[in-house]
Amino acid sequence: MEAQFLAPDDPGIGEALRRDGVVYIRDILDPEQVAQTREVLASYEKTVLPKIRRSSQEADSHGRLVMYRDVERYDPWLNDLVRQPSLLGLVQRAVDWDPIIYYLDVFPKPAGGTPIDAHQELYTVPVDPPQLLHLWIPLEDVTPENGSIHFYHGTHRLGLAPHVERPGVAPTVDPRVLDRIENMRVEVTCPAGWGAIFGGYMIHWSGPNRSDRDRPAMTIGLRGRHTTIKSEAENVTSLVARVFREETELPTYGWDDDFYGSGGNDEVAGRVLARIHDDHGVTIPLSDFSAYRTPRAMAARVLELQGHDALDRR
Ligand SMILES: O=C(O)CCC(=O)C(=O)O
């Protein structure tokens, strides 16, 4: 399968997005806008980024920037860029809800930069109802050598996939899921200024940059005007409740349901803790389980161990 790029005014954009979960669009920014945006971002990285909170950026093990977020909050020129009617209009025509700008993130993918592992946006940025889109626009021609992006067409219909969480690394889709959906994967290359709109359930990743030039991309996050933003505590509690439910084999499991009162025992608790370790990268000894016997209490402990309460999260 190959990516088919549509013109920004193509009336079929919404239909393609509903069908595949992602739609490819040509000529979103012109070469002058691309060059100007790159200049502004280069200056932003030097002058603004060092002064703002560390949790708004991620780096690889060599200290190379992998992404930085919420850029529109700190730079008026970029704020105007993302709010220009042509970009918002493009997204408005593609969906039947009312999109508003949520954030602008940048993936600098410097020469030698690491891959962005497979993920779904709604896993890390949950909103309710799940009306979340990314408008991804690379600012350098994208090639297989410098980190093409891969989308799994149709995964928007499958809901949230299990993600693996490791300390200090963004959550990634369980590799066993990727093996199963390999036949849905489409590798995308395109000129700078072209791009894609995709929904928050779309599984996607991009390769390493093996070239000697940077391959930056910007991503405008949009959410429905009437969505509510879930807190990290709510997000983790619902993931933990699912583990409690599956391991106790109960049809439903409330966030405040007591584990031992719901028929749980130490053997099941051991399985719950092993899954929490795999999914969230934290270790809770079995002897501590009774202190965190509801999903809500367990999730609070997970966040405490991850140090999330110290972060000012989006
Ligand atoms: O530009 C990239 O390499 C990754 C972009 C991405 O993951 C996103 O927009 O969500």
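Predicted model only: the values in this text are computed from it and were never measured. Along the sequence shown, residues carry numbers from 1. Whatever order the structure lists ligands and atoms in, that order sets their numbers, starting from 1.
- Each of the following atoms of ligand 1 lies closer than 4.0 Å to a heavy atom of Trp136: 1 (O), 2 (C), 5 (C), 9 (O).
- Taking 4.0 Å as the cut-off, Trp205 does not count as a neighbour of ligand 1 on heavy-atom distance.
- Looking at Gly200, Ala196, Ala170, Ser206, it is Ser206 that brings a heavy atom closest to atom 4 (C) of ligand 1.
- Scanning the protein for heavy atoms near atom 10 (O) of ligand 1, the closest one is His204 NE2, 2.9 Å.
- Between Tyr253 and Phe244, the ring-plane angle classifies as perpendicular under the 30° and 60° cut-offs.
- Under a 4.0 Å N-O distance rule, the pair Asp70/Arg73 qualifies as a salt bridge.
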Review point. Is there a salt bridge (Lys or Arg N to Asp or Glu O under 4.0 Å) between Glu145 and Arg210 once you walk through the steps?
Key: CA-CA 6 Å; Glu145 196 198 4; Arg210 297 198 189 86; over 6 Å; no
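- Between Glu15 and Arg18, no side-chain nitrogen of the basic residue sits less than 4.0 Å from a carboxylate oxygen of the acidic one, so the salt-bridge criterion is not met.
- In this structure Tyr292 satisfies the ring-ring contact (aromatic ring centres under 6.0 Å, His included) test with no other residue, sequence neighbours excluded.
- When each atom of ligand 1 is checked for a heavy atom of His119 under 4.0 Å away, the hits are 7 (O), 10 (O).
- Contact annotation: for Phe198 versus ligand 1, heavy atoms closer than 4.0 Å belong to the side chain alone.
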Point to revise | Audit row: Tyr103, His134, side-chain hydrogen bond (donor to acceptor under 3.5 Å, both in side chains) steps and yes/no | key: CA-CA 10 Å; Tyr103 49 77; His134 269 190; 2.6 Å; yes
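- Salt-bridge annotation for Arg69 and Asp105: absent, with no side-chain N of the basic residue lying under 4.0 Å from a carboxylate O of the acidic one.
- Distance from atom 9 (O) of ligand 1 to its nearest protein heavy atom, with residue and atom name: Thr219 OG1, 2.7 Å.
- Close approach of ligand 1 to His134 (heavy-atom distance below 4.0 Å) involves ligand atoms 8 (C), 9 (O), 10 (O).
- Atom 1 (O) of ligand 1 has its closest protein heavy atom at Arg215 NH2, 2.6 Å.
- Within ligand 1, the atoms closer than 4.0 Å to a non-hydrogen atom of Ala217 are 1 (O), numbered from 1 in the order shown.
- For ligand 1 and Glu121, the ligand atoms under 4.0 Å from any heavy atom of the residue are 10 (O).
- Between Glu140 and Arg215, no side-chain nitrogen of the basic residue sits less than 4.0 Å from a carboxylate oxygen of the acidic one, so the salt-bridge criterion is not met.
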